[in-house]
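Residue indices begin at 1 and follow the sequence shown.
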Amino acid sequence: MKYFKNYGRSRIITPCIVILLAFSAVLLQGKCCGSAVTGSAVQGTDMQDNATNNIDGNDITGSGECLLDVRVGFGGKPVIPDPAKTDGKVSVSLLSCDNAEKVYKKNKWYKKNGDLSLGTDLSFAGFKRPVFVGSYAVGNMTEKSGMVSFISEKTANGIAKKKVKGSCLVLFVLTKLEKYETCAESYFVILDYKNGVSYKKKTDFSINHSFYYAWLNEMYLDDMTGDGVQELLVINWGAKYNEFVICHADMDTHKIKTIYDTHSAFTDRREFKGKLKDNYKAELTVPYIGYSKTVSVIKDGGYSKKSLQKKMIDKWCVNYIGMWKKNGKVRKKWAKKHGEVFLYSLSVSAPIYKNGNVLIEFKRDICIGHRSNEIGYMHIYMGYDKDSGKFVVKDAKYSHK
């Protein structure tokens, strides 16, 4: 699985590069979940490949209906019906990236009153003004319905059609898209077409420059807690900080509850411990699962002995190094002040299958001091623990740069 890099230091990725990577990824992947403003669906996990492949023609003839018919990129205005006013087969129309860019390039993105030209009416979900629909997913967040839905997407290579099990259309939407808006509000919206119910939850995503970041999300639906109902997993690449959220929809209260997020949890970071050692080494541990590995800052991290021995001043944002003496001993006072071994910002996160369980893989740079270059990557795998009701560390591994 390949995903995008995060913000931070020299690794900052401009919006244009991220959009190009996102578009390239979706052309390679066309699966169940996607972006309403891309030419193809965004996907990349075995879990949803299996969910698609396990559906056969008997599901359609057995149930006697196809609930959702979602069409992306076929032109025209977006059409998203109110779940409370639909019965039987539901037709949904979403925009593609090409649809949006044509309007944007003609400088007709905004109307005179500040509304978005390609805005969609979701007043039935509680939005007073038109909203921009970005990423989407189809699945069963509210119950084990098993109903069949279709997603048809117009791509450069023709029409891609997928058959999935799901009665819920999940949307990521943006509001407050005025011309000079610097920060947009974003929401998760679940439209349960089987039960005629709408759910809505405001996100904490720090999204700037709305147009560019409107579709930079990867959305997944899978049962993360083992209760038989799918949870929503969202990776936001367009926020100020790469963010990861897992949400659960309550069937009784019709509310969306966040059960894990990188704003407040950072469990993977908290469980990691690192320490500089003699002979230009660093000890990496995850005490919760008893993981321990010692790596060479020279061989694995790519530093030279000379750079590790020479103290540097941070006056001009030069890397802090100089942690070791020429004999390979740790320079204790300098290392104590500047040599913390820690995990930096998120590079990759994704749901995966491991030993029959759905886990979340977090990949972060390992740094040995403020403004230092990374010495490799730490992969920490987290899964849901039924006893504690929380996501805990299940496994870990180190990889080279």
For residues 277-285, dump all side-chain donor-acceptor pairs below 3.5 Å to protein atoms at least two apart in sequence or in another chain.
from	atom 1	to	atom 2	distance (Å)
Asp278	OD1	Val330	N	2.9
Tyr280	OH	Gln309	NE2	2.7
Tyr280	OH	Lys325	O	3.3
Thr285	OG1	Lys273	O	3.2

Could you tell me whether the side chain of Asn140 and the main chain of Cys168 form a donor-acceptor pair under 3.5 Å?
-> no
Residue set satisfying side-chain contact (heavy atoms from CB on, under 4.5 Å) with Lys255, at least two apart, ordered chain then number -> Thr253
Ile235 side chain near Tyr220 side chain, heavy-atom distance below 4.5 Å | yes
Please step through side-chain contact (heavy atoms from CB on, under 4.5 Å) for the pair Leu171 and Leu122, ending with a clear verdict.
-> CA-CA 11 Å; Leu171 305 173; Leu122 290 185; 4.3 Å; yes
Closest heavy-atom pair, Met323 versus Gly369, reported as atoms and distance to 0.1 Å, is CE-CA, 4.4 Å
Could you pull out all residues at least two apart from Tyr288 that satisfy ring-ring contact (aromatic ring centres under 6.0 Å, His included)?
-> none
OG1/Thr203 to CG/Asp261 distance, rounded to the nearest 0.5 angstrom?
-> 10.5 Å
Could you pull out all residues at least two apart from Tyr291 that satisfy ring-ring contact (aromatic ring centres under 6.0 Å, His included)?
-> none
Taking the side chain as every heavy atom from C-beta outward, state whether Tyr136 and Ile151 have any atom pair closer than 4.5 Å.
-> yes
So do His254 and Tyr199 actually touch side chain to side chain, heavy atoms under 4.5 Å?
-> yes
Side-chain contact, heavy-atom cut-off 4.5 Å: Ser345 with Arg269?
-> yes
So, for Leu221 and Ala137, which heavy atoms are closest and what is the spacing to 0.1 Å?
-> CD1-CB, 3.9 Å
Indicate the ring-plane relationship of Phe172 and Phe188, choosing parallel, tilted or perpendicular according to the 30° and 60° boundaries.
-> tilted
Taking all non-hydrogen atoms of both residues into account, name the closest pair between Met141 and Cys247 and its distance.
-> CE-O, 3.8 Å
Checking Lys200 against Phe127: charged group under 6.0 Å from the ring centre and within 45 degrees of the axis?
-> yes
Ser149 (side chain) donor-acceptor with Gly166 (main chain) under 3.5 angstrom = yes
Between CZ of Arg71 and NZ of Lys154, what distance do you get to the nearest 0.5 Å?
-> 9.5 Å
State, without any angle test, whether Thr155 and Asn157 hold a side-chain donor-acceptor pair at a distance under 3.5 Å.
-> no
Distance-only, no hydrogens or angles: does the Asp222 side chain make a donor-acceptor pair with backbone N or O of Met224 under 3.5 Å?
-> no
Output the distance between atom CH2 (Trp324) and atom CZ (Arg331), rounded to the nearest 0.5 Å.
-> 11.0 Å
Neighbour count >12 (heavy atoms, 6.0 Å) for atom CG, Asn327 = yes
Candidate pair Leu346 and Arg364, rule side-chain contact (heavy atoms from CB on, under 4.5 Å), full reasoning = CA-CA 5 Å; Leu346 183 64; Arg364 297 185 188 272; 3.5 Å; yes
Correct closest heavy-atom pair for Asp69 and Lys89 would be CB-CE, 3.8 Å
Which heavy-atom pair separates Phe272 from Val341 by the least distance, and what is that distance?
-> CE2-O, 3.9 Å
Glu231 side chain near Asp223 side chain, heavy-atom distance below 4.5 Å | yes
For the residue pair Tyr260 and Thr267, establish whether any side-chain heavy-atom pair is separated by less than 4.5 Å.
-> yes
Taking every heavy atom of Leu169 against every heavy atom of Val138, the minimum-distance pair comes out as CD1-CG2, 4.0 Å
Atom pairs and distances, donor-acceptor, side-chain atoms in residues 382-396, under 3.5 Å, two or more places apart:
from	atom 1	to	atom 2	distance (Å)
Asp385	OD2	Ser388	N	2.8
Asp385	OD2	Ser388	OG	2.8
Ser388	OG	Lys390	N	3.4

The reported gap from OG1 in Thr225 to CD1 in Ile259 (rounded to nearest 0.5 angstrom) is 6.0 Å
CD1 of Ile375 to OH of Tyr303, rounded to nearest 0.5 Å, is 8.0 Å
Which is it for Ile246 and Ile360 under the side-chain contact (heavy atoms from CB on, under 4.5 Å) test, yes or no, and what are the steps along the way?
-> CA-CA 10 Å; Ile246 302 177; Ile360 307 301; 4.2 Å; yes
Would you say Pro130 and Asp121 make side-chain contact, with heavy atoms under 4.5 Å?
-> no
Output, in order, the C-alpha distance, side-chain angles, deciding distance and verdict of side-chain contact (heavy atoms from CB on, under 4.5 Å) for Thr120 and Val173.
-> CA-CA 10 Å; Thr120 303; Val173 306; over 6 Å; no
Residues passing the side chain to side chain donor-acceptor pair (under 3.5 Å) test with Ser399, sequence neighbours excluded, are His379
Enter the distance from Asp365:CG to Met378:CE here, rounded to the nearest 0.5 Å.
-> 12.5 Å
Side-chain contact, heavy-atom cut-off 4.5 Å: Leu94 with Ile80?
-> yes
